[in-house]
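These numbers were taken from a predicted model, which means no experiment stands behind them. By convention in this document, chain letters (A, B, ...) are assigned in the order of the sequence lines, proteins followed by strands, and residues within each chain are numbered from 1.
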Amino acid sequence: MAYNFKKIEEKWQNYWKQNNTFHVSNISNKKKFYVLDMFPYPSGAGLHVGHPLGYIASDIYSRYKRHKGFNVLHPQGYDSFGLPAEQYAIQTGQHPQKTTDENISRYREQLDRMGFSFDWSREIRTSDKTYYKWTQWMFLLLFDSWYDSNLQKARPIKELINHFKNKGTAEIINTSINFSAEEWLKFDSHQKEEILQEFRIAYLSEAFVNWCPKLGTVLANDEVIDGLSQRGGYEVVRKKMKQWSIRISSYSERLLKGLDKIDWPESLKDMQKNWIGKSKGAMIKFKINSSSKSISVFSTRPDTIFGATFLTLAPENELVTELTTKENKKEVEDYINSSSKKSERDRISDVKSISGVFTGSYVIHPFTKKLLPIWISDYVISTYGTGAVMAVPCGDARDYAFAKHFNIEIVNIFKDVNIDDEAFESKEKVQITNSDFLNDLDYHSAFDMACSKLNEISSGNKTVNYKLRDAVFSRQRYWGEPIPIYFKNDIPQPINLKYLPLELPNVKNYLPTENGDPPLGNAQNWGWDIEKNKVVSKSKIDEKKVFRIELNTMPGWAGSSWYFNRYMDPNNDQSFASKDALKYWKEVDLYLGGSEHATGHLLYSRFWQMFLYDMKLVNTEVYAKKLVNQGMILGNSALIYRDIDSGIFISSDSLDDEKIQKINVDINFINQNNELDLKQFMDWQPEYLEAKFKMKNDVFKVEREIQKMSKSKYNVVNPDDICDSYGADTLRLYEMFLGPIEQAKPWNTNGISGVFNFLNKVWKLFYDENNLIVVDSEPDIESLKILNQTIKKINHDIENFSFNTCVSSLMILVNKLTEKKCSSSKVLKPLSILLSPFAPHLAEELWFVLGNENSIIDEVFPEHDPNLLIEEEKNYPVSFNGKLKFQILLSNDLTKQEVEEIVSNHDLTIKNLNGKSIKKIIFVPNKIINVVC
RNA sequence: GCUCGGGUGGUGGAAUUGGUAGACACGUUGGACUUAAAAUCCAAUGAGCAGUAAUGUUCGUGCGGGUUCAAGUCCCGCCCCGAGUACCA
């Protein structure tokens, strides 16, 4: 009988479905274990081979834990709000809800084929109103909260208002606003709200966006390539807009400290640490020469203050207009204009070109009272520190280059250091000179001294700065959660929690309105009636009873920042999850997903959970104890060149000196010789219908590049074909066999037949051409030994998420059993269970043919018998330098004397006591001896 | 640019974390079975040199240095590739 994977897989998938095998209860006397995957965004391209990599790994672990006797929660859902569905809606006019639903059912079909042990009764979708109701609810909590820096936690805004009523801003730290209780009571509602906005965790502020004037819309960074829009290749500028933001920066210190409490990969923690970017330094105030104002600067090197010879401001700095003198006005405006066309990333990463412009104004050095010129340069970023830099050319490479370029004075404050050619950036082994009271001090003492002197003359103080910025929360998009806020006389008002969800309205057009409003501006019914407490027609807005509703929607990260809590109790409509459910499941025990989320989702969700914890809504501040990163499966992308000036597409082999933009095209349009099918390409998107090409010998070649597999890169490979020709079990094993899960790797199917052969070999241990050949007799000792070795190794390797080596071990075992013709049920039974997490369909079938009636999933995972694992000693000589040389590796129980005896004996061999019996092998005279004869 | 990874045969990758580099697969070559092919099974397979052969020997983990009796593994300096870089998810 042959291995019929199709029949087997169908049979067991149906069995699991009919028996609710993977349904998990919140009530159990077993220990709980929560295994979570990062839920997918249901893109139109379907599930690609990269998605299952993590899901297979987590499924193996979940099934393993279940075999070990845990009550395992292993849910799945969809992060179903997002940009691509909206872009598709713009192109086709179809409602994103419709395409999202279609994509989800496609995903579900694909997921079902792979035999995952998900409990689908707990499925969630972020775009479902029963889900986003709670996202909106949490947003309003953020709106109605402030961060108390004294207590280091979030508190209800009401408590702050009470505090203002009684004490004004007294005792409130980390704020620049000051008023008394009496003053507070006299403020009108506008003024009060303005002040509260400085404290609310969700607040309105001006922030920069990518604005494309030609398309009349805000673009995501992903839609901008080399400063031009991906669609059409138009100019994009940075423009200020009123935006909702989340004050995540107030949690900087806790987010940093919290890293110590979680078992996440060190590299990922490092990334978050650096992203939060804590640095110690000083806030230094420089008085402006020509006005009463001053410029505050954050510097990590207050010790070098006497080396400061100018100040540099970001072009966006609010003081720029005021500081610019008449003579410099045109130059400054031109400069600001040109830098608004550069992306922030380009500005920071371009270290080679030096640009800047003098404002014409000066500040006064707090100690020397010398005048320092104020310059503007776009390497200074408005969102880091104060958007102004104290430039010390002798101690900073960038300032040095800037000063040389513009002929600004350079003062050397480092004793015995030559700075003729470059700045001296080290803090170590140097004394300060030329610096008045800091002379002869080292870095640390000078740092402290400078800070205390600044404090004395009220020109600054020691401070800590974080790079982490508040998170912009508004999107000028349709397909996202509506923000449950209406505006009464321009004051944002929360919609009462009772009336959530605020449902996403229908619109005729998913593009921004003619006057530049977000797509929700197209909604007819988008007024909030405060008497009826419901949405009414916009035409009824009268600013008395009916008010306009916020037009922006929430970003993708809103719904994904708390979803792990929802799985615990997904159908609850009284709360986001019941207290009992939250208490039982508590937190995620194993979270599996890509490291590309390191500074996005994985930081936002930690913040969100901390906030919920502060609000006493969850029981733990840490939502995922352990995180394992799955490396990305990379795709082989195809890119074509577009001439920026003419818009003509250029074949990759006929590029001259054109300035080009690279565009990803669908890999399905490319043949084996990397040639593009022009017809398919032109039909692909409306804007390419009229495309013109520069070709060579009538063919158009593309460039190939390895990139992450993603719909936006059009390089997606589906797993369906592999399920069709080899089956899900083969796919599962193969994806694991490809390499360690943490490692990124390009997709290829070269070795898949090896894994398929393995499953066939397993099958042949049970069946010959016609019959079941399993026998009850005792197995031979060698088969038993290797079985026990494998059991030991697999237990160890699963716990360490080393699934690729598990597969290898299984292969070795099966090869051995085949060689030994071992068909004893005493070996095949444990083999089936070992196989179960990896190839669950086949394992179930084998378990069944061995005469068992119940699913294999609740069988106890085998433990090895230590008596069968006594290591054999291996003997072999080593030689080098033309002479025979022996290494004697000693076990701990050999004495020196015994060693000498062995050495003196000329009949030497080397004993390799194989790792287990001796832990560490160290050199002479302790445990290793080299002997030359 | 900055932060974090990675680089081992023709290919994917092993290597008990400093102790026999190349497990397990793929591919390739040869053989068995077959009229033939597919499938399956067996054998060889890092490169070079010597030898009919068993075998011996040199070189080999991106590049250049270093530490060590011993380095794929640790340290210093480079090169290349990937991810993220604050509105893709």
Base of B/rC87 paired with side chain of A/Gln476 (donor-acceptor, under 3.5 Å):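 Indeed there is one.
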With rounding to the closest Å, how many angstrom separate the [atom1] atoms on [N] and [M]?
| N | M | atom1 | answer |
| --- | --- | --- | --- |
| B/rG27 | B/rU11 | P | 15 Å |
| B/rG10 | B/rC74 | P | 24 Å |
| B/rG60 | B/rG5 | C1' | 26 Å |

For [X], answer base if it contacts any base atom (sugar-phosphate contacts may also be present), sugar-phosphate if it contacts only those atoms, and nothing otherwise; contact means non-hydrogen atoms under 4.0 Å.
| X | answer |
| --- | --- |
| A/Glu742 | nothing |
| A/Asp346 | nothing |
| A/Val807 | nothing |
| A/Lys269 | nothing |
| A/His601 | nothing |
| A/Pro740 | sugar-phosphate |
| A/Ser474 | base |
| A/Gln243 | base |

Write down the partner of [N] under the Watson-Crick or G-U wobble criteria, each distance required to be under 3.5 Å.
| N | answer |
| --- | --- |
| B/rC88 | none |
| B/rC49 | B/rG56 |
| B/rA83 | B/rU3 |
| B/rG10 | B/rC26 |
| B/rU16 | none |

Step through the shown structure and confirm whether more than 12 heavy atoms of other residues, nucleotides or ligands are within 6.0 Å of CD on A/Glu206.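 Count over threshold, so yes.
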Taking atom CD as the centre, does A/Gln91 end up with more than 12 heavy-atom neighbours from other residues, nucleotides or ligands that are less than 6.0 angstrom away?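 Correct, the count exceeds 12.
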For [X] and [Y], which I'm curious about, is there any donor-acceptor pair between the side chains at under 3.5 Å?
| X | Y | result |
| --- | --- | --- |
| A/Asp470 | A/Ser249 | yes |
| A/Asn103 | A/Tyr78 | no |
| A/Thr135 | A/Trp562 | yes |

Between [atom2] of [N] and [atom1] of [X], the distance in whole Å:
| X | N | atom1 | atom2 | result |
| --- | --- | --- | --- | --- |
| A/Leu468 | B/rC2 | CG | P | 21 Å |
| A/Arg345 | B/rG1 | CZ | C1' | 11 Å |
| A/Ile348 | B/rU3 | CD1 | C1' | 12 Å |

Tell me which of A/Asn210 and A/Asp270 sits closer to the 5' end of RNA chain B, going by the nucleotide each one is nearest to.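 Closer to the 5' end of RNA chain B: A/Asp270.
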Residue met sooner reading RNA chain B from 5', once A/Ser267 and A/Lys793 are mapped to nucleotides: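 Nearest-nucleotide comparison on RNA chain B picks A/Ser267.
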Phosphate contact (B/rC4 OP1 or OP2) by A/Asn274 side-chain N/O below 4.0 Å: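 Answer yes for this pair, as a side-chain N or O of A/Asn274 is under 4.0 Å from OP1 or OP2.
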